[in-house]
Structures are given as C-alpha cells and as structure tokens.
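Reviewing the structure listed below.
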Amino acid sequence: SSADLVALVKAIAPQTPLPDSIEFTDPPAFEISGSWSPGKPFTWNQLPLDVTGRAATGHCSIRGESYKNLSADFAIRGNGFAYLRNVRIDHEHGHASGQLLLRDGAARATASCDLPIRILTPFLTDPAIQKQLAFLDFSQDSRLVISGQATHAASAHPHEWQIATNLSARDFKLRGVPVTQLTSPDISLRTGPNPLVSATNAVFRLQKGDLSIQHTELRLKEGLCILKGGTCTVMPAEAVSMFAPKAVPAVARYEFASAPRTETEGTFDMKGPERNDFSVRVESPGRISVPIGREKWAFNAANGWLRIKGPTLTLDLAGRTIPDSRILGTVRFPDPMPTRIAGTFATNPANAASNSFVVRVLAPDTTSIVTLGGYDFPFQNIDCTVRASGPKLSLAASGAIFSGKAVASLEFPEMSQPAHSGAVSIERVSYSRLRAIFTSPDQTGGNLTGRMNYQMKGPSAVSIEGSGTATLEDGNIFALPLLGPLSTIINALLPGENIAYSVARSATASFNVARGRVTTPDFEAATRTFKLTLAGTADLSQSHVDFDARVNLRGAPGLILYPVSKLFEYRADGTLSVSY
C-alpha cells in the first residue's frame with residue numbers, strides 16, 4: 001500500500017497516540033482483517049473496530065530521526081482490548097523492541113532498547129522530565145541500554161505512568177560533570193502531575209572515581225533529591241554538584257589534595273540551599289584544608305563528618321597536622337600531631353559572623369614552637385584549644401618548657417584584628433635556658449615563676465599594657481640585666497666565694513607594662529649575706545633604663561660595716577646595652 005498510514009489510522013481511530021511527524025521513505029505494508037463500524041464513536045471502552053493485523057515499513061523518519069525498519073503485530077477489539085506485539089525498531093546505531101497491552105482503560109507495556117540517548121529524549125514529553133533533561137548533555141557517543149515495563153491504571157491521571165526498568169547509560173554529562181557510565185538494576189519512574197524517579201543500587205562511574213547510591217529518589221515537582229547509602233570516591237564538590245549545585249560553594253571551601261572516601265545521606269535541594277539537610281562522613285588519607293577564621297587549617301589523614309542543614313554547616317574532623325603548620329600565625333608545629341576541628345559554620349561566607357567552632361591540638365612527646373615578639377619558644381606536650389563564637393576567638397594552651405610549665409589564654413574580641421587580651425603564667429622554668437633565647441647563654445641558673453595579664457590594643461608590641469609578678473629561685477642575681485656592675489662592689493665588701501654571696505634564695509618583683517615601658521617598684525632579692533631592693537623603668541622602645549638599687553648587708557659583714565650597709569645605693573641610667 002502507498003497510503004498515508006498515519007492519516008488512515010487517525011481517520012479510523014482519531015484518539016490513537018501516533019507520532020505527528022512520521023514520514024515513510026518506503027511504502028508501508030500492512031495486513032488487516034476484521035470489521036470497522038464507521039458510525040460508532042471512538043472511546044477506549046467502546047471501540048468501532050474489531051481487527052487483527054501486521055504493519056511493517058522500511059526506511060522511515062520519526063520526529064526527524066531516520067530508522068531502517070519498523071514492524072509490529074496488532075489487534076483491536078470493540079470491548080476496549082488492544083495490543084501491539086513483536087514491535088521492532090531498527091536504527092543505524094541500535095534497535096528497540098517491545099509489547100503494549102490495553103484493557104479496560106488500563107495499559108501495560110514492556111520494552112528494551114540499545115540506542116543513542118539523543119534519539120529517545122524527544123519522546124519524553126512530560127514537562128517535569130523535560131526540565132530535568134535540560135541538566136543533561138548528550139554527545140553523539142551517549143548511549144542508553146534499558147529493559148523494563150510500564151503500567152497505567154484506569155483510575156490514574158491520563159499522563160500518569162508507572163515505569164520500572166534497569167538501565168545503563170554511557171558517556172554523558174550531568175550538570176557539567178562527565179559521567180562515563182550510569183547503571184542501576186532497578187529504576188522506577190512515575191509521570192503525571194507528581195513525577196517521581198527512584199533508583200536502587202545506582203552507580204555513577206566518573207572520570208576520577210565512582211559514586212554509588214543504595215537508594216535515591218528525585219521528587220521532580222518539589223525539586224528535592226533524597227539519598228540513602230551514598231558512597232563516593234570523587235571530590236565532594238563534584239559529587240554534590242550533580243544533585244544540589246547551589247550547595248557546592250559551601251562544600252568547595254573544604255579543599256582536598258586528593259579525592260577522599262565519603263558516605264552521604266540526606267536531602268538535597270535542587271532549587272536552592274534552604275531545604276538542604278544531608279550529612280557526609282569523610283575518610284581522607286591526603287591533605288584537607290578547612291577555613292578557620294582568617295586562616296586555612298590543613299591536616300592529613302582526616303576522618304569525621306560534616307552536615308549541611310539549610311544555611312548551616314556543622315563538622316567534626318580529626319587528623320594530624322602537616323609539618324610546620326601554624327595556628328593564628330603564632331603557634332608552629334614542626335612535626336605532625338593529633339588535631340581535631342569541630343564547630344558550626346555559615347554556608348554563605350558573608351554570614352561568617354555566626355560561626356562557632358573549636359580547634360584542639362594535642363602534641364604529646366613532640367616539640368611545638370610559639371613565636372612571640374619575634375622570638376621562638378620551644379614547648380613540649382602542648383595542649384592547645386581555639387574557640388570561636390561569632391567574631392570572638394579565644395585560645396587556651398598549656399605545655400612544658402625548659403623543665404617547667406607554661407599556661408596561656410588569649411581573648412580576641414574580633415578575630416580579624418590583632419587587638420586582644422591575655423594571661424600568661426610560667427612555673428619553675430629554667431631561667432638560664434629562657435634567657436638564652438634573648439641573649440648569649442650564661443650561668444644565671446635558677447628557676448623562674450611568674451604571671452602576666454595584659455591587653456594588646458594594636459599590631460605593635462608598644463600597644464601592650466599589663467601587669468604581673470615574677471619570682472627567681474636559686475639564681476645568680478648579678479647575671480640579671482642591669483645588676484652586673486654591682487658584683488664588683490659587693491665582692492670588694494664581701495671577700496670569698498662570689499657565687500655563694502650572689503645566689504638568691506628568691507628574687508621577687510611585680511611589674512607594669514605600658515607604652516613600651518616596663519616598670520618595677522619592688523624588686524627584692526635576698527642572699528645569705530645581703531638583701532637587694534630595686535625600683536625603676538626600662539623603656540624598651542627607646543632602649544633606655546632608669547633604675548635605683550639599694551644593698552643591705554646581712555649577718556657579720558652587716559654588723560662590721562653598719563651603718564654603711566644601710567646606705568649603699570646604685571643607679572643605672574642610660575641605654576640597655578651600657579649602664580652606669
């Protein structure tokens with residue numbers, strides 16, 4: 001027959017859903033037997049036909065795509081029963097086959113195909129599905145292999161079909177991410193007013209890793225993606241971009257040197273970040289960088305979890321610091337050591353004022369370097385905790401230094417500014433080893449204990465204001481700065497072992513710091529034979545000193561030289577390097 005087959009079928013059964021744009025290059029051939037009652041109206045429950053037949057054609061075009069062959073057996077009964085059997089479509093690059101059964105207003109179909117994806121997309125006319133197809137990019141090599149079935153209930157919406165299939169799709173892009181292959185043995189699709197796609201054991205094979213999902217559900221009308229049992233070996237930002245692209249900036253701030261292994265579960269908002277509620281468990285053998293205030297805190301062998309809920313990201317990660325890492329530019333860790341970061345952050349950096357987090361570093365049996373005023377202080381067994389709440393940041397640290405202990409706490413009212421307050425205390429720290437950091441080693445000896453509370457109002461050390469106390473036990477007081485010239489005079493009055501007379505059982509002082517000046521009103525040192533008191537000011541910014549000292553001899557020398565011993569005084573006035 002050379003008749004227009006589509007026009008003929010539509011003339012007999014006007015509501016038959018045949019493609020509008022079908023063209024035959026070769027005349028179609030069909031065989032048909034049965035009856036047609038032209039006077040009867042066409043409804044699926046009361047058909048004007050009772051026929052059986054077969055149709056076939058050679059080359060034809062459907063919606064602009066050329067096919068080599070199309071054939072099917074068919075039957076239509078007046079009681080609403082109809083079927084298509086042995087449907088076969090051959091294309092230059094593949095084929096499709098299937099069956100269709102209609103009965104009492106319900107429908108059932110089975111189909112399988114192995115075709116380029118671009119051929120099939122024009123037939124997916126559901127608006128919600130078309131919207132999702134806009135996020136897919138197919139090349140000439142993109143291919144789809146499926147087999148499954150579709151059902152339509154008599155009571156359902158006219159466009160509502162339930163489709164179950166297994167699927168394998170290759171060489172396409174999802175929201176810009178290249179996908180080498182997508183497989184799932186169980187995909188369900190519901191079309192109609194509330195379209196829904198669900199998949200079980202789906203595996204995305206990407207160029208640099210895999211993403212497998214035990215169960216996923218796409219609620220197309222709501223714009224939500226529900227994931228359960230997701231396991232990923234690609235970069236987290238790349239995986240998230242496939243389902244919730246607007247959540248990518250929050251995840252991308254956490255930089256991975258190599259792809260970690262992650263487990264993901266929760267709800268992804270495909271329209272915006274407001275309804276995001278998902279968690280990610282992370283195992284990363286490589287380096288990860290986490291933004292903390294003004295800095296990025298990097299560590300290795302990270303493991304832990306993070307959760308994004310609406311505009312908030314909560315995380316808890318543990319790992320080991322990288323060599324020579326720093327906290328606040330002040331504490332340096334030459335060797336790797338355990339660290340943990342936990343807190344709550346705004347997914348939008350513009351809302352960082354609401355961040356709240358804790359960073360803790362434990363350094364057992366290792367040395368950490370604390371840099372203050374340009375000098376490096378080596379600490380062992382340091383325990384450092386950084387806390388932030390909104391713009392405020394605090395640091396609490398303790399450790400061992402030079403056979404003694406040290407504790408420090410700092411409070412930054414605005415973490416982006418250097419201004420802060422602090423309290424520092426040390427207990428029985430070797431004074432000789434501490435002094436060697438600033439000057440050449442000496443034989444001062446003794447242990448230093450002290451405490452200082454201060455406020456730093458600007459970036460310069462001159463802005464420090466504070467006060468404190470210090471105690472030196474069993475130390476040579478003439479090795480202290482500014483007191484060296486006194487030793488010659490004391491030795492003239494007290495013959496004998498010099499060190500025996502200059503080792504103080506204790507030397508104590510209180511001090512104040514302001515505008516670069518250190519003032520002590522009550523330095524006092526007592527040895528076995530004399531007592532030394534001192535008061536004055538050292539201007540560190542001008543390298544200038546102004547001290548007065550008094551020596552009172554004790555014991556037998558004091559009795560012999562009385563009242564001279566009560567009147568002996570010493571004055572230091574000049575630069576820190578030269579005093580007289």
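What you see below is based on every heavy atom in this structure, not just the backbone, and it leaves out hydrogens, waters and symmetry mates. Positions are given from 1 along the sequence. Computed from a predicted model, the values in this text were never measured in an experiment.
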Considering only NZ, NE, NH1 and NH2 on the basic side and carboxylate oxygens on the acidic side, decide whether Lys531 and Glu524 come within less than 4.0 Å.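 Counted as a salt bridge, because a side-chain N and a carboxylate O are separated by less than 4.0 Å.
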Less than 4.0 angstrom from a charged side-chain N to a carboxylate O is my criterion; do Glu283 and Arg281 meet it?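 Answer for the salt bridge query: no.
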Looking only at non-hydrogen atoms, find the nearest pair between Phe278 and Thr267 and report the distance.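 Residues Phe278 and Thr267, closest heavy atoms: CD2-O, 3.6 Å.
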Which pair of heavy atoms, one from Arg433 and one from Ser403, lies closest together, and at what distance?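 For Arg433 versus Ser403, the nearest heavy atoms are NH1-OG, 3.4 Å.
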For Ser510 and Asp522: C-alpha separation, side-chain torsions, deciding distance, then whether side chain to side chain donor-acceptor pair (under 3.5 Å) applies. CA-CA 6 Å; Ser510 63; Asp522 55 2; 2.7 Å; yes
For [X], I'd like to know if atom [atom1] has over 12 heavy atoms of other residues, nucleotides or ligands within 6.0 Å.
X	atom1	value
Arg275	CZ	yes
Arg340	CZ	no
Lys271	NZ	yes

Spacing of [atom1] belonging to [X] relative to [atom2] belonging to [Y], to within rounding of 0.5 Å:
X	Y	atom1	atom2	answer
Ile308	Asn276	CD1	CG	6.5 Å
Met456	Ser421	CE	OG	12.0 Å
Arg175	Leu136	CZ	CG	8.5 Å
Gln455	Ser463	CD	OG	10.0 Å

Beyond-backbone contact of [X] with [Y], side-chain heavy atoms, under 4.5 angstrom:
X	Y	value
His420	Tyr454	yes
Val513	Met452	yes
Phe402	Pro378	yes
Thr508	Thr469	no
Lys208	Thr233	no
Glu238	Gln207	no
Val280	Val282	yes
Leu174	Phe204	yes

Could you tell me whether the side chain of [X] and the main chain of [Y] form a donor-acceptor pair under 3.5 Å?
X	Y	value
Thr385	Ala396	no
Thr231	Glu263	no
Arg387	Val358	no
Glu265	Gly229	yes
Arg205	Gln181	no
Asn453	Ser467	no

What residues form a ring-ring contact (aromatic ring centres under 6.0 Å, His included) with Tyr254, not counting sequence neighbours?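 Expected list: none.
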In chain order, what residues pass the ring-ring contact (aromatic ring centres under 6.0 Å, His included) check against Phe256, with sequence neighbours excluded?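 ring-ring contact (aromatic ring centres under 6.0 Å, His included) check on Phe256 returns nothing, list empty.
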Checking side-chain contact (heavy atoms from CB on, under 4.5 Å) between Thr519 and each of Asp546, Thr537, Asp539, which is the one that passes?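 Only match with Thr519 under side-chain contact (heavy atoms from CB on, under 4.5 Å): Thr537.
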With Trp305 as reference, evaluate Leu317, Thr314, Thr262, Leu315 under the side-chain contact (heavy atoms from CB on, under 4.5 Å) test and give the passing residue.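 Single side-chain contact (heavy atoms from CB on, under 4.5 Å) partner of Trp305 among Leu317, Thr314, Thr262, Leu315: Thr314.
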Output all residues satisfying side chain to side chain donor-acceptor pair (under 3.5 Å) with Arg428, sequence neighbours left out; order by chain, then residue number.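 Once residues adjacent in sequence are excluded, the partners of Arg428 under the side chain to side chain donor-acceptor pair (under 3.5 Å) criterion are Glu473.
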